[in-house]
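Report on one structure; see the data block that follows.
All heavy atoms count here, side chains included; hydrogens, waters and symmetry mates do not. Below, chains carry the letters A, B, ... as their sequence lines are ordered, and counting in each starts from 1.
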Amino acid sequence: MNYAQIVLPLNLKGSFTYKVPEDLISQIEVGMRVLVPFGGKKIYTGIVFELHDIAPENFVVKEVISILDDKPIVPEEQIRFWNWLSDYYLCGLGEIYRFAFPSSLKLESETYLKLKPNITIDFENLDVNEMYLIQALEVRQLINLTDIEAFIPKKDIIKTINSLIDLQYIEIDEKIAEKYKAKEVAYVKINDEVLKNQNLTEILLQLKNAKKQKDLFLYILEKQTEDPDILIKKSELFEEGYFGNSHLKGLVERNLVEEYYIQKDRLDSYEGEIEEIEELSEAQKVAKGEIDVGFEEGKNVLLHGVTSSGKTHIYLDKIEDCINEGKNVLFLLPEISLTKQITQRLEKKYGRKLGFYHQKLTDFERVEVWRRIRQNDVSVLIGTRNALFLPYQNLGLIVVDEEHDSAYRPREVSPYFNAKDAALVLGNFYGANVILGSATPSVESYYNARKDKLAYVFLEERFGNVNLPEYELINFKEAQDSKKVSGNFSLQVIDEIKKVLEEKNQVIVLHNRRGYANVVECETCGYVNYCSNCDVVMTYHKAANEMKCHYCGQRASKPKTCPKCYSENLNERGVGVEQIHEEVSKLFPDHEVDRMDVDSMRKKFAYERLYEKIEDRETDIVVGTQMISKGLDFNHIELVAIPKADSLLYVQDFRAEERAYQLITQVSGRAGRVSGKGKIIIQTFNPEHSVFQLIKINKPAKVYKYILTERQKFHYPPFTKLIMIELKHRKEDKANRASQFLGSILRKYLPEDCVLGPEKAQIARLNNLYQFQIMLKLPRGKKYDEYKKLVLTSLKEFDEITAYQSIKKEVFVDF
DNA sequence: AGCACGCCGACT
DNA sequence: GTCGGCGTGCTC
């Protein structure tokens, strides 16, 4: 076994072959990190994916420089998982590696060199570069690879390091442990001296021209004297938004207040009361029993529980079971901001044995979690999709909550994969059970459950036997004709909202479109404002008073006159959530109306603040985009209004109906959680539309049956498999020609009706790249594997055309 | 992905 | 005469 296949953190196909030097053969194992030279002057941290003794013939192999781990950092199950992902989603292992690892575990620049202890160096036999390096190390002890570039020519770096390692003079040092800095929390207190020596009137006199500082000083003083044992966190001062950092700085500069830091063990054991898990209800017990049966049959489970049925409850129970068996749990969520409830409940129970892993952690925090998982020090890991790649030791259960959520398969991050499907496969490799849970399962999962590939567990009643919300459809056309509307709201909806507000309850208004107006159009010449980078009209945001491109983020000021014909006759068309918010505020001037969308939630803590406002019932009406369908579990929301429901359906996507159903149902679940008198009002021009009609009767099985029939009719998943290939280039004709060419190759191998396109993408230009798409509709089953191989062949054939190498190509399997 | 090599326009 | 633009090719 003197050759190794190494995966490098590069967006390159496959792995690279390296020779393992004699002295490393006994130590090297699959799953370890190694340092390898690459392309003349670079050193990368690679992962050993395979060991073999087949000498390559077509190129000269380089040698592994050194091994970075004493035991594999990627467990065998993960190796299989990476290979599966790469195979199934047609993506490179390098891409997966980049995605899976925190950067300080893979970056070459984080690698340091040091002198071996107790050595005598024979300077006579060293060349100039080797001498420089040794001398530098004698002064600095540790040297970063990028620093070496300062005194050794790039091309000689590797040679120099290699020979010094061979001579046993130097070695590789992993600096991660030392660079990891425990998180510190800032606290404030009144300066001790001040308390002893100065009298209060003097201080207040000093602050008489700085009212806020004075207030802040008094606030801190009061808190501190009230109970000296409770420390005052710096962050809590700013929570209200009344004080700012500048006020505190002022006090610190005057030496009145001191800032100090206390190291926080992020995973402090929870000190509050331990919450006993409430007993399961009868329905929940039945569901749990069914899950157990499913597991015994070796099946994974789809837990379809209507909103407020207490799915979390069941998860907790299964998590407990799993831990009692001595195994660990991975709990996946679509996004970390929604973790509040589940996290709090688990924290109370598992304290120290709980871990978090998600996109918002810093690199050190990620490495810390990696270490703990490797040491088997985490029983329950709560995380987002990237948590699938942690080096789990003894995984017994994976829970995928809100399995239908599209955040599990974002399109913009590579490698492209669906975390829900990946979790099923990972569970299989670990021999772990998997529960997919949702109030509105994806059509694919539902279908799999019906086909018995998943055990299907349906939890039909809300916890505590609370009634399900009631739906009402309002024909907006009729309302308009009989003049019973005000703007975008029918008088009936306005009435219903009034009623709820009178009872001091709360209302949600859903409108799933950002901004104020979709388009600003010139009445005179028809000019509309296009984004300069993309083929998209820009959306008008009144709150920020600017035009935004929702695809590339480009911003521009709102034109006062038409840039083309100088007419002042500009018209705003297409209703956005800001406009609905404005309308509602005007309709209910005596109530607190808040807006919740990505634009208004961008500020730090904006979400937390609004969350509390709603919880404290300061907010009467929340107007928001789909964001409000997630995580807002409050007890006093009694009405959900969807003024322009049709906009949910008119999206060019075969999943539009599924999405509309999911969104409406999810947001409905916010209403009447306790009272059981929740109501949903849907305003539409098409009350006869099947989706609305089926939602109204509130029988999920019928909705799925309808959607499945439609999908079957038009040959869409889950009855077929879709692969979408996207080609991008700065020059339109080049992108066009390339995609035509790829299309012709694909048609050569695949039946005509499998290949659709190429076509201009819906957004023909994005970030200055022209995009073309080819959609492959492939049959399921054995045929699929066969066809996919042919797709692979076609893609390879395409890659051989050198003229098209500058084309950016992306493949989305299970689009 | 990065990085070098190589071939054509605007500058000291 | 050179600096630097990005098209093309290669990396075990």
Taking only residues two or more places apart in sequence, or in another chain, which ones meet [X] in a salt bridge (charged side-chain N to carboxylate O under 4.0 Å, His left out)?
| X | result |
| --- | --- |
| A/E95 | none |
| A/R655 | A/E444 |
| A/D814 | A/K721 |

To the nearest Å, give me how far apart [atom1] ([X]) and [atom2] ([N]) are.
| X | N | atom1 | atom2 | result |
| --- | --- | --- | --- | --- |
| A/E95 | B/dA1 | CD | P | 8 Å |
| A/Y44 | B/dG2 | OH | P | 6 Å |
| A/K728 | B/dA1 | NZ | P | 11 Å |

Practice task
Please list all pairs passing the side-chain hydrogen bond (donor to acceptor under 3.5 Å, both in side chains) test where one or both residues lie in residues 792-802 of chain A, with sequence neighbours left out.
Solution key: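 Residue pairs with at least one partner in residues 792-802 of chain A: A/K748-A/E797, A/Y749-A/E797, A/D799-A/K809.
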Handout entry: Of all pairs that satisfy ring-ring contact (aromatic ring centres under 6.0 Å, His included), the ones with a partner from residues 22-42 of chain A, not counting sequence neighbours
Key =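 Only A/F16-A/F38, A/F38-A/Y44 qualify under ring-ring contact (aromatic ring centres under 6.0 Å, His included).
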Handout entry: B/S/- contact track for nucleotides 7-12 of chain C, protein heavy atom under 4.0 Å
Key = SSS-BB
